[in-house]
Undergrad: 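Got a structure for you, questions after.
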Amino acid sequence: MTKRIISLVLVLMMVLFAVACGADDAQKPAETTPKTPDTTAAPGSSAPAVTEPDYKPELPEVKFEGEQLVIVHRDPLANTYKEYYLMAEEITGDLLNDAVYKRNTTMEEKYGIEIVNVINDKAHTAVSTAAQSQSDEYDLAFPQMMNIGSLCTSGYLYNLHNLDHVDFSKPYWDSNLDKDTTLYGKLYAMVSDISLMTMLGTRGIIFNRDMAKENNLGDPYDLVRNNQWTLDKLIEMAHAVSEDLNGDQKFDDMDRYGMLTESSNYRYFVVSGGVDIFTFDADGNPVAGFTNEKTIDIIEKWRTVYNDETHAIDYNDLGGTAGAAALDGSKWNYGRQIFSRGQILFLQNAASTFNAIADFGMEQEYGILPQPKYDSAQKDYYCMPDYNTTVLVVPSTNDDYDRLGILLEDMAYMSSQTILPSYYETVIKIRRSPVPEVAEMLDIIKNSICYHVGMIYDIDADSIIGQASTSGNIASVFKIGEKRMNAQIKKIADAVQNLP
């Protein structure tokens with residue numbers, strides 16, 4: 001498992017400055033542009049000046065007069081997993097929209113191009129259809145990660161390692177995705193700051209800070225800083241707050257719980273515990289890395305929360321309730337409403353959930369943490385994105401890869417200077433009571449995003465983990481599942497090795 005190290009000093013300085021200045025003016029309208037701090041030390045101060053990391057790309061000065069950069073992607077108004085970060089038709093005063101607009105217009109003016117957005121919530125189908133007809137209509141696509149396996153093995157995507165001008169070691173690209181999913185020297189998907197969808201969908205632990213204080217559980221932010229935010233600590237805290245609030249001698253959606261969860265959450269705890277879902281052997285072949293005693297220990301520990309209806313409530317238990325019915329039957333929204341009512345200590349989800357919590361008007365202070373470590377001996381945090389998030393792919397029918405490499409590298413860099421800071425400020429400001437720790441935790445999560453090859457090639461690891469977790473027959477499920485995975489790996493290996 002690899003870890004990307006990113007310097008976001010300027011981003012954090014900007015955000016913390018904005019929060020500090022706005023803390024006493026919480027009722028004022030949010031600023032529409034990021035504030036830039038004075039990064040020089042005061043006279044007589046020993047504090048060093050903050051300087052921008054020198055990672056601006058060196059690219060040829062070229063013009064592609066009249067050419068288009070055609071991008072197919074999900075709708076920014078989709079019901080779920082909205083693609084906010086690729087198109088903006090005009091300046092509206094919205095911080096993120098205007099950052100996207102600035103990035104796009106700067107690219108258009110600098111290179112003499114027109115950025116054309118094609119909306120298609122099934123971008124993977126659009127790429128497949130174009131490839132089968134040998135059409136070069138799309139330069140770039142952002143399909144959901146869960147849908148690209150067959151695109152890779154069918155030869156419909158271009159090997160990104162063959163692109164000139166791009167440098168995946170730069171912090172505006174996610175080098176973890178390169179290291180974790182390159183197979184036989186081939187990389188067919190990438191994540192960058194061009195779209196922050198993956199960061200938006202990376203799982204952490206959203207928590208009720210006031211509830212933790214009221215129950216004398218300490219401040220979870222301090223646990224993270226002091227290397228004490230572990231699976232055992234989360235379980236201990238989740239067991240400490242449950243209460244039958246209405247005194248009816250049963251636990252349902254009217255009561256208080258340590259955790260709001262679902263069965264698929266097991267995979268995120270396995271990964272955050274430092275387990276490699278897949279490793280690579282000496283020949284570069286994927287090998288299942290999770291069918292071991294450590295994984296079994298993590299699952300068994302988490303089962304003490306998940307299987308105890310007095311400490312955890314599952315989204316699926318909310319589906320038939322009156323509360324969900326009042327929200328058009330959405331168990332997901334109702335779960336977030338329950339959290340917003342102050343009935344949940346921990347909610348395993350991504351920072352994107354802040355929008356729903358804010359819409360429900362939560363009065364208590366809430367924040368976000370990285371997924372917990374297995375124990376304090378573990379060096380790094382590891383947070384995995386939801387498979388519904390999108391990745392950047394290049395159709396193999398594209399006819400000008402040199403031009404595309406230049407545009408992608410500069411677009412990723414520009415995004416790191418405009419969209420990323422705007423995202424940080426926006427996420428902090430939608431909360432009722434902004435605190436600097438949110439930016440600090442988002443930075444940890446962003447630097448901890450990790451992947452595995454099964455996410456890209458649709459190898460059946462996560463359903464095996466889920467089946468083992470819910471059944472309790474962990475070792476036997478692993479034994480049977482490993483045979484199925486090995487068959488999938490062989491089929492994928494044969495396909496990928498024969499691709500150009």
Undergrad: Any side-chain to backbone donor/acceptor pair from S340 onto G361? Under 3.5 Å, distance only.
TA: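 Such a contact is absent between S340 side chain and G361 backbone.
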Undergrad: Can you tell whether the side chains of E83 and R74 come within less than 4.0 Å, N to carboxylate O?
TA: no
Undergrad: Considering residues at least two apart in sequence or located in another chain, which fulfil the side chain to side chain contact (heavy atoms under 4.5 Å, CB included) criterion with T106?
TA: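 Listed in chain order: K102, M414.
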Undergrad: Do F339 and I357 have side chains that approach each other closer than 4.5 Å (heavy atoms only, starting at C-beta)?
TA: yes
Undergrad: Which label fits Y172 and Y413: parallel for a plane angle under 30°, tilted from 30 to 60°, or perpendicular past 60°?
TA: perpendicular
Undergrad: Quick one: are Y306 and M259 in side-chain contact, heavy atoms under 4.5 Å?
TA: no
Undergrad: Determine whether the aromatic ring centres of residues W229 and F346 are separated by less than 6.0 angstrom.
TA: yes
Undergrad: For the residue pair W332 and Y315, does the interplanar ring angle fall in the parallel (under 30°), tilted (30 to 60°) or perpendicular (over 60°) class?
TA: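 The rings of W332 and Y315 sit tilted, inter-plane angle from 30° to 60°.
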Undergrad: With a 6.0 Å cut-off on the ring centroids, do F207 and Y221 count as close?
TA: yes
Undergrad: For the residue pair D167 and Y55, confirm or rule out a side-chain donor-acceptor distance under 3.5 Å.
TA: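 Checked: D167/Y55 side chains show no N/O donor-acceptor pair below 3.5 Å.
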Undergrad: Tell me, do I344 and I313 make a side-chain contact under 4.5 Å, heavy atoms counted?
TA: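 Yes. Closest side-chain heavy atoms under 4.5 Å.
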Undergrad: Evaluate the criterion salt bridge (charged side-chain N to carboxylate O under 4.0 Å, His left out) for residue pair R225 and D222; output intermediate values, then yes/no.
TA: CA-CA 5 Å; R225 295 190 188 102; D222 289 336; 2.9 Å; yes
Undergrad: Less than 4.5 Å apart, any side-chain heavy atom of I338 and any of R341?
TA: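 Yes, side chains in contact.
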Undergrad: Would you say that L151 contacts Y188 through its side chain, given a criterion of any heavy-atom pair below 4.5 Å between the two side chains?
TA: no
Undergrad: Take the angle between the ring planes of W302 and F269 and call it parallel below 30°, perpendicular above 60°, tilted in between.
TA: tilted
Undergrad: Is it true that the side chains of H73 and N117 contain a donor and an acceptor less than 3.5 Å apart?
TA: yes
Undergrad: Tell me whether the rings of Y423 and Y85 are parallel (<30°), tilted (30 to 60°) or perpendicular (>60°).
TA: perpendicular
Undergrad: Working note: D193 + K446, criterion salt bridge (charged side-chain N to carboxylate O under 4.0 Å, His left out); need CA distance, chi angles, decisive distance, verdict.
TA: CA-CA 11 Å; D193 291 342; K446 189 175 193 295; 3.4 Å; yes
Undergrad: Within a 6.0 Å radius of atom NZ on K122, are there more than 12 heavy atoms belonging to other residues, nucleotides or ligands?
TA: no
